[in-house]
Amino acid sequence: MNLLILDKIIKDALIEDIPNGDISTEAIIPLESKSKVDLIAKEDGVLAGLEVFTRVFELLSLNSEFSVKVDLYKKDGDKVYNKEKIGELTGSTRIILSGERVALNFLGRMSGISTYTNKVVSIIKDSKTKILDTRKTTPNLRVLEKYSVKIGGGQNHRFNLSDGILLKDNHVAFAGGVKAAVTKARENSSFVRKVEVEVENLDMVKEALEARADIIMLDNMSLDNIKEALILIKDKALVECSGNITLDNISRYASLGVDFISLGALTHSAPCLDISMKNLVPFS
């Protein structure tokens, strides 16, 4: 993970949470106080974001004569279980308490995404279908959220609008149809770039094939229509499915043999994993 980008994200979060000092902690904790505290999982999951968690305390320690050491017993991608100890923090009590919420917010959010992604991937593990994320991410946190998807066993779709050509419904509407949109995209982009186009029915699939789209996204199409679309497409393009796909029905989509299933829910709906810092003990 790029440290410059990571540090900016963390510093912005710290400025948001500690704009003018931690007045609760500073009111009762002496400057020289030292403590140790446990990092504990409160539910089962897949960890992601331990580097981010640790970096919060490293940055807080940079501008202080005191510091906090983070010792971890797990790494990103490891499974963790309820009540399991993930690590231990020792050092400045003030820094531990001031960084606690920001560090846990990152770790819980990222681990929640990796846990949810891992659950989805596990459901369809016997199929050839790959699970993709989308751009439906928290503003300014995309790098962390897409990283978490990969840790959970998923794959990243485009990172941003500069990363690949994906012609969606409004592009198609403006161009006057799927074939026109794909043709125009090919005329105005490098030959090394693949062109993906979103379609909603079988007529649009036929247009995409005529225009030689590299990837055809079947958006909000029924299972029966997807079956028909796959017969039409054969090996002429890669196939991605998206829209109204849930944990309950994803195995049915994967069983059809599509190449990819993209899920915005991986990042916009994954619940945070419950992780806490407990058992704080002061020492001299």
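When side chains are defined from C-beta on, V80 counts as touching I86, because their heavy atoms get closer than 4.5 Å. Contact annotation: the side chain of E84 never approaches that of I40 to less than 4.5 Å [non-hydrogen atoms, C-beta and beyond]. Contact check for L89 versus F53: side-chain heavy atoms found under the 4.5 Å cut-off. Looking at L59 and D7, their side chains come closer than 4.5 Å, going by heavy atoms from C-beta outward. Inter-residue side-chain proximity for N2 and V143 is flagged as unmet; no heavy-atom pair is nearer than 4.5 Å. Counting heavy atoms from C-beta on, the side chains of L218 and V239 come closer than 4.5 Å.
Salt-bridge formation is detected for the pair R186/D214: a Lys NZ or Arg NE/NH1/NH2 atom is positioned less than 4.0 Å from an Asp or Glu carboxylate oxygen. Electrostatic pairing of D38 and K278 does not count as a salt bridge here, judged by no charged N lying under 4.0 Å from a carboxylate O. Ion pairing of E58 with R55 is present here, as a side-chain N (NZ or NE/NH1/NH2) and a carboxylate O approach within less than 4.0 Å. With salt bridges taken as basic N to acidic carboxylate O contacts below 4.0 Å, none links E88 and K69.
V70 is connected to I9 through a chain of hydrophobic side-chain contacts under 4.5 Å among Ile, Leu, Val, Met, Phe, Trp and Tyr, so both are in one cluster. Follow the hydrophobic side-chain contacts under 4.5 Å out from V68 and you reach M277 in the same cluster.
Residues S98 and D22 approach most closely at OG-OD2, 3.0 Å, considering heavy atoms. When all heavy atoms are compared, the tightest approach of A48 to I151 is CB-CG2, 3.9 Å. The two residues G264 and T134 have their closest heavy-atom pair at CA-OG1, 3.4 Å. Looking at every heavy atom in both residues, I18 comes nearest to G21 through CG2-C, 3.4 Å. The two residues A213 and A237 come nearest to each other via the heavy atoms O-CB, 3.5 Å. Here the shortest heavy-atom pairing between A208 and V199 reads CB-CG1, 4.3 Å.
In L62, the CG atom is crowded: over 12 heavy atoms of neighbouring residues, nucleotides or ligands sit closer than 6.0 Å. By the 6.0 Å contact criterion, NZ on K42 is open, its count of non-hydrogen atoms from other residues, nucleotides or ligands being 12 or less. By the neighbour-count criterion of 12 heavy atoms within 6.0 Å, atom CG of D17 is densely surrounded, having more than that number from other residues, nucleotides or ligands. Counted within 6.0 Å of CD on E16, heavy atoms from surrounding residues, nucleotides or ligands total 12 or fewer; the atom is thus considered open. Counting heavy atoms of neighbouring residues, nucleotides and ligands inside a 6.0 Å radius, atom NZ of K85 exceeds 12 of them. Within 6.0 Å of the NZ atom in K236, the count of heavy atoms belonging to other residues, nucleotides or ligands exceeds 12. Around atom CZ of F159, more than 12 heavy atoms belonging to other residues, nucleotides or ligands sit under 6.0 Å away.
Atom CD1 of residue I96 and atom CZ of residue F57 lie 7.0 Å apart, to the nearest 0.5 angstrom. Interatomic distance, H268 NE2 to I113 CD1, rounded to the nearest 0.5 Å: 11.0 Å. Atom CE of M110 sits about 12.5 Å away from atom OG1 of T267, to the nearest 0.5 Å. Annotation: the span from M221 atom CE to E228 atom CD amounts to 8.0 Å, rounded to 0.5 Å. Atom CG of L6 is separated from atom CG of L144 by 6.5 Å, given to the nearest 0.5 angstrom. The structure places OG of S35 at 4.0 Å from CG of L280, a figure rounded to the nearest 0.5 Å.
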*Show the numbers, then the answer: is there a side-chain contact (heavy atoms from CB on, under 4.5 Å) between L263 and I250?*
CA-CA 10 Å; L263 294 168; I250 192 168; 3.8 Å; yes
_Steps toward side-chain contact (heavy atoms from CB on, under 4.5 Å) verdict (L266, I131)_ = CA-CA 9 Å; L266 297 182; I131 297 298; 3.7 Å; yes
_Verdict with reasoning, T129 to F260, per side-chain contact (heavy atoms from CB on, under 4.5 Å)_ = CA-CA 5 Å; T129 304; F260 307 105; 5.5 Å; no
*side-chain contact (heavy atoms from CB on, under 4.5 Å) between R109 and L273, intermediate numbers included*: CA-CA 7 Å; R109 173 68 177 150; L273 193 69; over 6 Å; no
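The backbone N or O of T138 lies less than 3.5 Å from a partner atom in the side chain of E145, making a donor-acceptor pair. Under the 3.5 Å distance criterion, the side-chain polar atoms of K128 are left unmatched by any main-chain donor or acceptor of V258. Proximity of a side-chain donor or acceptor of N249 to a complementary backbone N or O of I245 within less than 3.5 Å is not detected. Looking at S33, its side chain never comes within 3.5 Å of a backbone N or O of I29 through a donor-acceptor pair. No donor-acceptor pair closer than 3.5 Å links the side chain of S111 to the backbone N or O of G108. In this structure a side-chain-to-backbone donor-acceptor pair under 3.5 Å is missing from T117 to S114. Distance alone, capped at 3.5 Å, places no donor-acceptor pair between the T54 side chain and the E51 backbone. Although no hydrogens or angles enter the test, the distance criterion places a donor-acceptor pair under 3.5 Å between the side chain of E207 and the main chain of K179.
Counted by atom type alone, Y147 and D76 present one or more donor-acceptor pairs between their side chains at under 3.5 Å. Counted by atom type alone, N105 and R101 present one or more donor-acceptor pairs between their side chains at under 3.5 Å. Side-chain contact annotation: S262 with E240, donor-acceptor N/O pair under 3.5 Å present. N220 and N244 share a side-chain donor-acceptor pair at under 3.5 Å. For the 3.5 Å distance criterion, the side chains of S67 and S61 fail to qualify, holding no donor opposite an acceptor.
Listed by first then second residue, pairs satisfying salt bridge (charged side-chain N to carboxylate O under 4.0 Å, His left out) with a partner in residues 191-202 read K168-E198, not counting sequence neighbours.
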